[in-house]
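Worksheet for the structure shown next.
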Amino acid sequence: MIKKDQSNKIALLWTGGKDCCLVLHLLEKQVDYLVTLVPKNFTDDSFKAHKIPLMKEQARKLLLPLVFIEINQPYDQGYNQGFLQLKDQYQVKTVYTGDIEYINYCCNLVETACQTNNLEFIQPLWKKDRFELMALLFKYQIKALITWSDKQEYQDLLVGKIIDEDLIAKMQKLPIDLSGEAGEYHTMVVDCLLFDNKNS
């Protein structure tokens, strides 16, 4: 088990999807906060793919605090201010993300904001083999429901499906990133080993 330094508050950026949940399992739940970045004046329906009420329910089952950090425009300044708040208000020193790949983005605002605020920035899944990541989902019994696709042609094929071996076989035949890194699909975790289902 990871031995946690109590002087180092750890935040995991949280969307409720499969990748951040996988990082939480790899860290053996040794984090202080789940952190969701939200727009100004956000509501429960701010995101199509990652519904905030579901994130709150996940946090309750994980027995971890869920923190919302508002990001205002312009985004470079907004991210810097948001992560400064994370550092000053919550004493966070380390930030983990479930990012695997940056596709069609010219920069990573999260990484830049962490560097600006002297926060350690860690991406355990970065550039990992997609089949290896899928195998880890099964290992930790992470049941991920596909909630949205940025690609209209994949809406009927993928949305509403749980990721399993049969669906992976179908996705292998498509011209997509198997982990959905280009927005081919987004997920919400409906069950996993770390959920306290007695707390349902």
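Along the sequence shown, residues carry numbers from 1. Nothing here was measured: the structure is a model prediction, and the numbers come from that model. Heavy-atom basis, side chains included; hydrogens, waters and symmetry copies ignored.
- Using a 4.5 Å cut-off on side-chain heavy atoms (C-beta onward), H186 and D150 make contact.
- The 12-atom threshold is exceeded at CD of E153, counting heavy atoms of other residues, nucleotides or ligands nearer than 6.0 Å.
- Within the 4.5 Å cutoff, the side chain of K56 has heavy atoms near those of the L66 side chain.
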Is there a side-chain contact (heavy atoms from CB on, under 4.5 Å) between L158 and L167? Walk through the geometry before answering. CA-CA 8 Å; L158 300 179; L167 188 60; 4.0 Å; yes

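- Cluster membership for L133 and M188, using ILVMFWY side-chain heavy atoms within less than 4.5 angstrom, is shared.
- In the hydrophobic clustering of this structure, V35 does not group with L84; members are Ile, Leu, Val, Met, Phe, Trp, Tyr whose side-chain heavy atoms approach within less than 4.5 Å, directly or through other members.
- For the pair E101/R130, a side-chain contact is recorded, criterion being any heavy-atom separation below 4.5 Å from C-beta on.
- Heavy atoms from other residues, nucleotides or ligands lying under 6.0 Å from NZ of K143 number 12 at most.
- No side-chain heavy atom of T112 sits less than 4.5 Å from a side-chain heavy atom of D76.
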Residue pair T147, L54: steps toward the side-chain contact (heavy atoms from CB on, under 4.5 Å) verdict: CA-CA 12 Å; T147 55; L54 294 180; 5.8 Å; no

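- By the criterion of side-chain heavy atoms lying less than 4.5 angstrom apart, applied directly or through intervening Ile, Leu, Val, Met, Phe, Trp or Tyr residues, I163 is not grouped with W148; the two fall into different hydrophobic clusters.
- Taking CD1 from I162 and CG from L145, the interatomic distance works out to 4.5 Å, rounded to the nearest 0.5 Å.
- In this structure, CD on Q172 lies 4.0 Å from CZ on F131, to the nearest 0.5 angstrom.
- Nearest approach of E120 to T94, heavy atoms of both residues: OE1-OG1, 3.2 Å.
- With a 4.5 Å cut-off on side-chain heavy atoms, D19 and E181 count as touching.
- What you find for A144 and K18 is that their closest heavy atoms are CB-CB, 3.9 Å.
- Judged by distance alone, with hydrogens and angles left aside, the side-chain atoms of Y185 form a donor-acceptor pair with the main-chain N or O of L178 at under 3.5 Å.
- A pairwise comparison of heavy atoms in V23 and P124 identifies CG1-CG, 4.0 Å as the closest pair.
- Looking only at side-chain heavy atoms (C-beta outward), Q123 and N108 come within less than 4.5 Å of each other.
- A 6.0 Å sphere centred on CD of E132 holds more than 12 heavy atoms belonging to other residues, nucleotides or ligands.
- Residues satisfying the salt bridge (charged side-chain N to carboxylate O under 4.0 Å, His left out) criterion with K48, sequence neighbours excluded, are absent altogether.
- Residues W126 and Y102 share a closest heavy-atom pair of CH2-CD1, 3.2 Å.
- Side-chain atoms of Q58 come within 3.5 Å of backbone N or O of G16 as a donor-acceptor pair.
- By the neighbour-count criterion of 12 heavy atoms within 6.0 Å, atom NZ of K51 is densely surrounded, having more than that number from other residues, nucleotides or ligands.
- Here L22 contributes atom CG and L27 contributes atom CG; the two are 9.5 Å apart, rounded to the nearest 0.5 Å.
- Remark: side-chain polar atoms of D164 are paired, donor with acceptor, to backbone N or O of D166 under 3.5 angstrom.
- Around CG of D156, the count of heavy atoms belonging to other residues, nucleotides or ligands within 6.0 Å does not exceed 12.
- A11 approaches L86 most closely through the heavy-atom pair CB-CD2, 4.2 Å.
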Does the side-chain contact (heavy atoms from CB on, under 4.5 Å) test come out yes or no for F121 and T97, once each step is laid out? CA-CA 8 Å; F121 177 71; T97 82; 3.5 Å; yes

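- With hydrogens and angles ignored, the 3.5 Å screen pairs no side-chain donor or acceptor of D44 with any backbone N or O of I52.
- F195 pairs in a side-chain contact (heavy atoms from CB on, under 4.5 Å) with only one of the listed residues (L63, V190, L62), which is L62.
- From C21, atom SG reaches atom CG of L136 across 12.0 Å, with rounding to the nearest 0.5 Å.
- What you find for I142 and V189 is that their closest heavy atoms are CG2-CG2, 3.7 Å.
- In this pair, Y75 and Y79 present their aromatic rings perpendicular. The plane angle is above 60°, beyond the 30 to 60° band.
- The aromatic rings of H25 and Y140 sit tilted, their planes meeting at an angle between 30° and 60°.
- The main-chain N or O of F138 is never found under 3.5 Å from a side-chain atom of Q141 such that the two would form a donor-acceptor pair.
- Considering only heavy atoms from C-beta on, V67 stays 4.5 Å or farther from W14 through its side chain.
- Between D196 atom CG and R60 atom CZ the span is 8.5 Å, to the nearest 0.5 Å.
- Considering only heavy atoms from C-beta on, V92 stays 4.5 Å or farther from K87 through its side chain.
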List the steps and the verdict of side-chain contact (heavy atoms from CB on, under 4.5 Å) for L157 and L174. CA-CA 11 Å; L157 179 64; L174 302 174; 3.4 Å; yes

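- The backbone N or O of E184 lies less than 3.5 Å from a partner atom in the side chain of S149, making a donor-acceptor pair.
- Other residues, nucleotides and ligands contribute at most 12 non-hydrogen atoms within 6.0 Å of the NZ atom of K128.
- For the atom pair CD (Q30) and CG (L12), the distance works out to 12.5 Å, reported to the nearest 0.5 Å.
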